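So the structure is just underneath, and the comments pick up after that.
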Amino acid sequence: MSSRRRFYARPLLATAASIVVLTGIASAAPAATPATPQAATLDDTYYQDALGKTGTALKSSLHTIISDQTKLSYSQVWDALKATDQDPANSSNVILLYTGRSQSKSGNGGDVGDWNREHVWAKSHGDFGTATGPGTDIHHLRPEDVQVNSIRGNKDFDNGGSAVSGAPGNYTDGDSFEPRDAVKGDVARMILYMAVRYEGDDAFADLEPNDRVSNGSAPNIGRLSVLKQWSQEDPPDSFERNRNQVIFDRFQHNRNPFIDHPEWVEAIW
């Protein structure tokens, strides 16, 4: 792992920290409040059995809730991503995860310059391939440039490395990949969704984050401490929230709870 480390904090976080120090407010954990008004409505319906819980009890409840889903085939993922990751400024395009590039929806495939289906939880980590289930779960499948997808490969996530060609703001080395700042939290929440959704009770491996890199084919991915930091410092934005809603309304009919309730990351891990 490269010794290079990059830490960033959004100005809002730094300002909030200053207010706490200056006013003498106790540094207790923030109240468990929904990320959006819509999430408050979901608390009365979709998440009602998870409210008030923490730790393994919360994880277990969320697993039961989000496991009720419609499963897609791997070929259906192509069309799903054209809807979930549509460019808000150009309905003919999708936004690529790591590069941030807006690219024609029809420019998908396996050739240089095309976009393809990136498994954010690398499919070799648990050996689930493209089987219907974790291999086709669009909560962690995103459009990405073919070459950048290949560079990421099945590496764990961590801070550090050298700049990725063609993908400004991304870094990589021999055992890890660091995405651009604008999607660090997205990556973290996708990984943690997978850890809650796939618990080894449906013929697939029990997927769990850990604080290591070089996890290989084990059903683990890291680093958890870095992913938690990324989730805190890059909270859900309108694109990520809309994506969650489109998946819920049109495709899988389940949600990523860490987009609706980012505070549940800390409540579980």
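Side chains included, hydrogens not; waters and symmetry mates left out as well; all remaining heavy atoms used. Since the structure is predicted, the reported quantities are computational estimates derived from the model, not experimental observations.
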Would H119 and R142 satisfy side-chain contact (heavy atoms from CB on, under 4.5 Å), going step by step from the backbone distance to the final call? CA-CA 7 Å; H119 288 79; R142 299 291 293 266; over 6 Å; no
K228 vs S231, test: side-chain contact (heavy atoms from CB on, under 4.5 Å). Steps then yes/no. CA-CA 5 Å; K228 288 173 62 178; S231 182; 5.7 Å; no
Could you tell me whether the side chains of D201 and H63 share a donor-acceptor contact shorter than 3.5 Å? yes
same_hphob_cluster(V146, I95) at 4.5 Å side-chain heavy-atom cutoff: no
Do we see a donor-acceptor contact under 3.5 Å between the side chains of S102 and N90? no
With hydrophobic residues grouped by side-chain heavy-atom distances under 4.5 Å, do F204 and V77 end up in a single group? no
For a quick check under 3.5 Å, do R255 and Q245 share a side-chain donor-acceptor pair by atom type? yes
Do other residues, nucleotides or ligands put more than 12 heavy atoms under 6.0 Å from the CG atom of D68? no
I268 side chain near L192 side chain, heavy-atom distance below 4.5 Å: no
Regarding D156 and S176, is there a side-chain donor-to-acceptor distance under 3.5 Å anywhere? no
Check: V183 and R180 side chains under 4.5 Å, non-hydrogen atoms: yes
Linked, directly or transitively: F251 and Y193 (ILVMFWY side chains, under 4.5 Å): no
Just verifying a value: how many Å separate L227 CG and I221 CD1, rounded to the nearest 0.5 Å? 8.0 Å
Between N254 and H139, is any side-chain donor less than 3.5 angstrom from a side-chain acceptor? yes
Tell me, with the steps shown, if R117 and E144 meet salt bridge (charged side-chain N to carboxylate O under 4.0 Å, His left out). CA-CA 6 Å; R117 297 159 292 187; E144 188 45 60; over 6 Å; no
With no hydrogens and no angle check, just 3.5 Å: does a side-chain donor-acceptor pair link K155 and T172? yes
Between R241 and D260, is there a side-chain heavy-atom distance shorter than 4.5 Å? no
Distance, nearest 0.5 Å, that separates CG of D186 from CD1 of I191: 12.0 Å
V94 side chain reached by D87 side chain, heavy atoms, under 4.5 Å: no
Please report the C-alpha distance between E178 and N170 in whole Å, then the side-chain angles of each, then the deciding distance to 0.1 Å, and finally whether the side-chain contact (heavy atoms from CB on, under 4.5 Å) criterion is met. CA-CA 6 Å; E178 177 186 348; N170 296 263; over 6 Å; no
May I have the step-by-step check of side-chain contact (heavy atoms from CB on, under 4.5 Å) for N210 and N215, ending in yes or no? CA-CA 9 Å; N210 62 14; N215 278 294; 2.8 Å; yes
Just say parallel, tilted or perpendicular for the rings of Y46 and F248, cut-offs at 30° and 60°. perpendicular
Return the OH to OG1 distance between Y74 and T136, rounded to the nearest 0.5 Å. 9.5 Å
Quick one: does H140's side chain have a donor or acceptor within less than 3.5 Å of a partner on G135's backbone? no
Note, I138 side chain near Q252 side chain (heavy atom, < 4.5 Å): yes
Identify which one of W269, Y47, F258 satisfies the ring-ring contact (aromatic ring centres under 6.0 Å, His included) criterion when paired with W264. Y47
Could you check whether any side-chain heavy atom of W230 comes within less than 4.5 Å of a side-chain heavy atom of N159, counting everything from C-beta outward? yes
Can the ring centroids of H125 and Y198 be said to lie less than 6.0 angstrom from one another? no
Nearest 0.5 Å, please: how far is NZ in K123 from OG1 in T130? 7.0 Å
Nearest-0.5 Å distance, NZ of residue K184 to CD of residue E233: 9.0 Å
Single-linkage hydrophobic cluster L224~V187, side-chain heavy atoms < 4.5 angstrom: yes
Aromatic ring proximity, centroids under 6.0 angstrom, F177 and Y171: no
Do N149 and N116 have a side chain donor and acceptor closer than 3.5 Å? yes
Using a strict 4.0 Å threshold on nitrogen-to-oxygen distance, state whether D202 and R197 make a salt bridge. yes
Distance check, rounded to the nearest 0.5 Å: N93 atom CG versus Q103 atom CD? 8.0 Å
Any chance CD of E266 has more than 12 other-residue heavy atoms, nucleotides or ligands included, within less than 6.0 Å? no
Within the structure provided, determine whether E118 and P143 are in side-chain contact (heavy-atom separation under 4.5 Å). no
Identify, with sequence neighbours excluded, every residue that meets salt bridge (Lys or Arg N to Asp or Glu O under 4.0 Å) alongside D79. K82
Is there any salt bridge (charged side-chain N to carboxylate O under 4.0 Å, His left out) pair reaching into residues 92-111, and which pairs are they, with sequence neighbours excluded? R101-D145
Taking W121 as the starting point, is it possible to reach M190 by hopping between hydrophobic residues whose side chains are less than 4.5 Å apart? yes
Please examine the side chains of D206 and P219, heavy atoms only from C-beta on, and report whether any two atoms are closer than 4.5 Å. no
What is the ring orientation for W78 with W115, classed by angle as parallel under 30°, tilted 30 to 60°, or perpendicular over 60°? perpendicular
